[in-house]
There are 2 protein chains.
Amino acid sequence: MTGKKDATSHEHSACPMDSLLKLLMGPWTTYILWLLRSQGPQRFGELKAGMPGISSKVLTERLRMLEGANLIHRDYKPTVPPAVTYSLTPRGAELKDVLLGLNELAQRWHAEDMRMEA
Amino acid sequence: MTGKKDATSHEHSACPMDSLLKLLMGPWTTYILWLLRSQGPQRFGELKAGMPGISSKVLTERLRMLEGANLIHRDYKPTVPPAVTYSLTPRGAELKDVLLGLNELAQRWHAEDMRMEA
DNA sequence: AAAAGTAGGTTCCGAATAGTAACTAAAGGA
DNA sequence: TCCTTTAGTTACTATTCGGAACCTACTTTT
């Protein structure tokens, strides 16, 4: 994906960044990745509890999508009741710097906003 | 936002990362930030053209939201027709490393996937 | 004079999607 | 027998998104 000065820059369909941004665009996606990164492998119910407002339906769908994109791994144990644990794949784990960077910014901006208020 | 071992970790409402993830969660948000970062200040129409599939309505709404969050700046010139230019604020520009990191990952993964296919 | 063009939206409507609540399967326990 | 557990699944409602038409205020073209 080159700068706008390049006449061919409108042919973005195969642009890697375009694909990744589209992948992360869905609701709760980055949130899921952050939870798995910061809190480690988690069960379905734990993830759901960590994201107030998300429905089982959407969590399921997001997790399937991320699994399909090879960013997370789903470990299903056929117990009763079933025990399904989700974790980051090696590829998913490569998002570490990005996620930690976001966290740092979040904390810095929060601190700045607190100072502005006082 | 502490690890899951902390009993108080469920009180996330004021967690900076929670707020930032919620902010970026809306459709096309990161995409807009990426376009402004990679291609510099842009007019409404340029942004829209750079994101096939987004509606004027949603682009407007996202831009207003990002402006409200002080991540982008809106420069309105009352010409006829009007010329409105959007750019990253200093705070928005701090997302540089995160966005560049995503881009690097995107390209690396794309290259890996190409190798897997061959 | 009327029509068309420009840019950044705004409005309307149907399609798509997210959220809520109820339900399911299978085994174990009270 | 009923209840509990977990990870979903289903049905329905509410919300949101995309496409298309429209609006504003001028300027240019037909």
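So you know, we letter chains A, B, ... as the sequences are listed, proteins then strands, and number each from 1.
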How many Å lie between NZ on A:Lys48 and P on C:dA18, as a whole number? 15 Å

Please pick, from C:dT11, C:dG19, D:dG8, the nucleotide with the shortest atom-to-atom distance to any side-chain atom of B:Lys57. C:dT11

Let me know the distance between CE of B:Met25 and C1' of D:dT15, rounded to the nearest Å. 15 Å

Let me spell it out: for each of A:Pro81 and A:Glu61, pick the nucleotide of DNA chain C with the closest heavy atom. Which residue's pick is nearer the 5' end? A:Glu61

Between C:dG8, D:dG8, D:dG18, which nucleotide gets closest to the side-chain atoms of B:Ile54? D:dG18

Heavy atoms only, 4.0 Å cut-off, all strands: where does A:Arg74 land among base, sugar-phosphate and nothing? sugar-phosphate

Check whether any side-chain N or O of A:Thr85 sits under 3.5 Å from a backbone N or O of A:Pro41 as a donor-acceptor pair, and report yes or no. no

Between C1' on D:dT6 and CG on A:Leu59, what's the gap in Å once rounded to a whole number? 13 Å

Of A:Leu95, A:Leu88, A:Thr89, the one forming a side chain to side chain contact (heavy atoms under 4.5 Å, CB included) with A:Arg91 is A:Thr89

Taking any heavy-atom pair under 4.0 Å as a contact, classify B:Arg62: base, sugar-phosphate, or nothing. nothing

If only side-chain N and O atoms of A:Arg43 are considered, is one of them under 4.0 Å from the OP1 or OP2 phosphate oxygen of D:dT6? no

Within a 6.0 Å radius of atom NZ on A:Lys96, are there more than 12 heavy atoms belonging to other residues, nucleotides or ligands? no

Between C:dA18 (C1') and B:Lys22 (NZ): distance, integer Å: 14 Å

Can you find a side chain N or O atom of B:Trp28 that sits less than 4.0 Å from OP1 or OP2 on D:dC17? no

Main-chain N/O of B:Trp34 paired to B:Ser38 side chain as donor or acceptor, under 3.5 Å: yes

Starting from C1' on C:dG9, measure out to CG on B:Asp75 and report it in whole angstrom. 16 Å

OP1 or OP2 of D:dT6 sitting under 4.0 Å from any side-chain N/O of A:Tyr86? no

Measure CD1/B:Ile72 against C1'/C:dG8 and give the value in whole Å, please. 14 Å

Integer-rounded Å distance: C:dG9 P and B:Met65 CE: 15 Å

Neighbour count above 12 (heavy atom, 6.0 Å) for B:Met114 CE: yes

B:Arg64 CZ - C:dT10 C1' separation (whole Å): 11 Å

Need one value for A:Pro27: base, sugar-phosphate or nothing, where a base atom within 4.0 Å counts as base even if backbone is also close, heavy atoms only. sugar-phosphate

Nearest heavy atom decides the nucleotide; on that basis, is A:Val80 or A:Thr60 closer to the 5' end of DNA chain D? A:Val80

The side chain of A:Ser55 is closest to which nucleotide in this list: D:dA7, C:dG9, C:dT20? C:dT20

